Every structure is written in C-alpha cells, then in structure tokens.
Protein chains: 2
Amino acid sequence: MATNILITGEIKRTLDERHRLTLPTEMANAVTDEAGNTVLVKERAGCLSLWRAADWQKRLDDGIAIIEQKMSAGRMEERWSEVQRLGRLLSTRSKEIQLAKRSRVLVPEGFREFLNVKPGGEVMIVGAAICIEIWNPSNWLELLQAEMPEFSPLFKNLSG
Amino acid sequence: MATNILITGEIKRTLDERHRLTLPTEMANAVTDEAGNTVLVKERAGCLSLWRAADWQKRLDDGIAIIEQKMSAGRMEERWSEVQRLGRLLSTRSKEIQLAKRSRVLVPEGFREFLNVKPGGEVMIVGAAICIEIWNPSNWLELLQAEMPEFSPLFKNLSG
DNA sequence: ACTATTTTGGGTTGATTACCCACTTCTGAA
DNA sequence: TTCAGAAGTGGGTAATCAACCCAAAATAGT
C-alpha cells in the first residue's frame, strides 16, 4: 500500500452485466487507503479515475486552499456561495466508494453514462502514476493518437 | 451532526404526487439540527436548498452585517431599499421546516413553482458542502455546462 | 357536527447492491 | 507437462431502500 511507488500498467478488462469490474490486485491495493476507501472521479467523457481516498482528500484540500485565498480578497457574502459552488461541483464529479473483496468496483449510477460502456463491454484500465484510470476504449485510442506524436520523439531519444 | 465534514453526493429522486421527496438518510441528518429543524431556502429558479437551522442563521447574520455596514457608509435612500430587500429575503426566501419520518421533505406551497417540477417528476439532490440542494434537472444541467469548464482547469493544475 | 378533502405516518414491494462462494484461468515451480 | 496457489469471473442470496400505496389524522366546508 505504498504511495511512493508509481502506479503503472495498462490492461483490457470487461464490465460485467452488473456494472462490476475487477481491477488487477496490485492496482486495487494502490488505490485503497488504510480505511479501505477509494474515491471514484469523473475525469472527462469516457474516463473515470480511482484514487486512494486519503490522497484525493489532500488534493481537495489544496483546491479549497486556493479558493479560500481567492475568496479572502472578495466580500464575505460571496464566501458562502463559493463554498457551496465548490461542494456542488465536487459532488457531481466524485464519489467515495469501497472496492468489494478489495478489488472489484461497482460503477455507480451516474458514472455509467459518463464512462459510456455498456454492461458486457470492454474498458481499458490504465495506471496513471498517482491514480488509475478507467477508459472507454475508443476515447483511450483517441487520446493516444492525439498524444503519441509528442510522446514518440521522447521515446526515440531514450532508446537511441 | 458535525459541520466540519463536507456534505457531498449527487442522486436523482422523484417527487411524489403529494410534493414529497425522500432524502438519503445521511444527508437528512446533515441538515437537521439538534432541535430537529431544517431551513428550506429559495436559492435560484429551479433550485432550493436545505440547511441546518443554525447554519442558515449564521449565514443570515453575515448578510445582515454586510447590509448594516453598507448602510452606515451609504446614503439615506439606499437604506430603504436595502431594508426592504432584507425583509423580502427573510419572509419569502426561506422557511423553517422539519423533515418527516424516513427523511421525507414536503415541498411547501410557494416553493413548488420555484422549483418548477411537477408532482411525479424528477429532481437532482446534490450535496453542496454546507447544505444540500434540490435541483430541477434541466437547471442543474444548465449550471453544470456553464461551470464545468472553469472548474476543471483548477484541478488539472493541482495534479500537474 | 358531520362529511369531504388534504395531509401525514406507516406498511409493502420491487429493484439494486453487498456479501459470499464456486468455478475457471493464469502463473510459476518442479 | 503437471500441479498448486493466486487471480479473475460469474452468479445465487440476503439486506437495503426508494417508490408506491393505503389508512389514520387533521383540516376545511357546509
């Protein structure tokens, strides 16, 4: 459950008929904190990510700090609505869950349309260093095609 | 019933024929104070919010403080309109209610048109950190589309 | 005061999910 | 190649909870 190890790897899995998905055990452990909690996040259309709840909290705190900083310059009246706004957006974007048997995710209602993979369909599970991402295969391909050109020269340099 | 924990979560519910709707128990507890009171507030067209009575009071007090501050600095004519505005706010914007058993809210007369959801229709219930909000689904979608673009870059920066 | 209508609380049902177990597949060692 | 253990998959079952329905209570109207 060490966090100082980067989460890596890419694997294809299928979503079962009940919207469940088994993660590679190693990855599952990496996104489960001491309390057994994980946070599921809507990243972009066709992509969800999973975080150790503790790590996510930290990221969130940083975000709040920035907003507070901005707010302190503004009027008191606006503080309330800003906090409200942040909370609201957080609610749509993320949800705390726990993995069944420590390695199976149930993709909850509301996250399903976002991922846009039908039960029985395939997803890509990708380690993204600090979290893992669950991709709709076609969105994943799209991203690769867009980003590979930048990545490729880098890769050439390293191997040359 | 701690206030230092953010209220989060997003869920779709339906309004019954009697203008009632059941909240998730956890959320219901979060907006109910020791005396069992909750305040229902007209937030904007298509959106109502629910507060622990004590928290709402605090927000009101902050608002009053600002108005007093403005008034003492401002001209006489502004006094009246501000006072008038405050009065309207107090009498029409919010109402103290209590949740029925099983965490059921009755949306009172006067708040119904504001929410603009027909009995039998659907609403989104959204945790907004310090309160929970009840949204007309189409207004909710509208807001998300408007605010998501500004929200996402903020978080992108944090992970980079 | 009695009836009709609305409001409120409580019970029921059906769908969803958590939990569990059994079967299959994969991996690595002998 | 075979075997043992781990990893992954599928599915049955029980518990949970929202939506619905109904009965009791409250309110209004005549």
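Everything numeric here is computed off the predicted structure, so don't read it as measured data. First the proteins, then the strands, lettered A, B, ... as listed; each starts at 1.
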When you measure from the side chain of [X] to the backbone of [Y], do you find a donor-acceptor pair of N or O atoms at a distance under 3.5 Å?
X: A/Ser91; Y: B/Gly9; result: yes
X: B/Arg104; Y: B/Leu99; result: no
X: A/Lys95; Y: A/Pro108; result: no

Strictly below 4.0 Å: does B/Thr22 bring a side-chain N or O up to OP1 or OP2 of D/dA18?
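Indeed not, no polar side-chain atom of B/Thr22 lies that close.
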
Which is it for A/Thr92 and B/Glu10 under the side-chain hydrogen bond (donor to acceptor under 3.5 Å, both in side chains) test, yes or no, and what are the steps along the way?
CA-CA 6 Å; A/Thr92 15; B/Glu10 182 198 41; 4.8 Å; no

Any Lys/Arg nitrogen of A/Arg59 or A/Asp55 sitting under 4.0 Å from an Asp/Glu carboxylate oxygen of the other?
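Salt bridge: no.
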
Look for any protein N or O under 3.5 Å of an N or O in nucleotides 4-7 of chain D and output each such pair with its distance, or none.
none

Gap between atoms [atom1] and [atom2], on [X] and [N] respectively (whole Å):
X: A/Leu99; N: C/dA18; atom1: CG; atom2: C1'; value: 13 Å
X: B/Glu122; N: D/dA19; atom1: CD; atom2: C1'; value: 12 Å
X: A/His19; N: D/dT9; atom1: NE2; atom2: C1'; value: 17 Å
X: A/Leu15; N: D/dG8; atom1: CG; atom2: P; value: 16 Å
X: B/Asp16; N: D/dC21; atom1: CG; atom2: P; value: 11 Å

Close approaches to DNA chain D from residues 105-115 of chain B, in residue order (heavy atom, under 4.0 Å)
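Contacts with DNA chain D under 4.0 Å: none.
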
What verdict does the side chain to side chain contact (heavy atoms under 4.5 Å, CB included) test give for B/Leu48 and B/Val41, after you've listed the backbone C-alpha separation in whole Å, the side-chain angles of each residue and the deciding distance to 0.1 Å?
CA-CA 6 Å; B/Leu48 304 175; B/Val41 180; over 6 Å; no

Excluding sequence neighbours, so at least two apart, what forms side chain to side chain contact (heavy atoms under 4.5 Å, CB included) with B/Glu109?
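Residues passing side chain to side chain contact (heavy atoms under 4.5 Å, CB included) with B/Glu109: B/Arg112, B/Glu113.
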
Please determine, by modelled atom types, if B/Gln57 and B/Arg52 share a side-chain donor-acceptor pair under 3.5 angstrom.
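There is no such pair between these side chains.
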
Working to the nearest 0.5 Å, report the span between CG of A/Asn139 and CD of A/Glu142.
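Going from CG on A/Asn139 over to CD on A/Glu142, the span is 5.5 Å.
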
Partners meeting side chain to side chain donor-acceptor pair (under 3.5 Å) with A/Glu96 (sequence neighbours left out):
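Checked A/Glu96 against side chain to side chain donor-acceptor pair (under 3.5 Å); matches are A/Asn37.
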
Scoring nucleotides 19-27 of chain C by protein non-hydrogen atoms under 4.0 Å (B base, S sugar-phosphate only, - none) yields BB-------

Identify each donor-acceptor pair in which a side-chain atom of residues 121-138 of chain A lies under 3.5 Å from a protein atom, sequence neighbours left out, and give them as a table.
{"residue": "A/Glu133", "atom": "OE1", "partner": "A/Trp135", "partner atom": "NE1", "Å": "2.8"}
{"residue": "A/Asn136", "atom": "OD1", "partner": "A/Ser138", "partner atom": "N", "Å": "3.0"}
{"residue": "A/Asn136", "atom": "OD1", "partner": "A/Ser138", "partner atom": "OG", "Å": "2.9"}
{"residue": "A/Asn136", "atom": "ND2", "partner": "A/Leu115", "partner atom": "O", "Å": "3.3"}
{"residue": "A/Asn136", "atom": "ND2", "partner": "A/Asn116", "partner atom": "O", "Å": "2.9"}

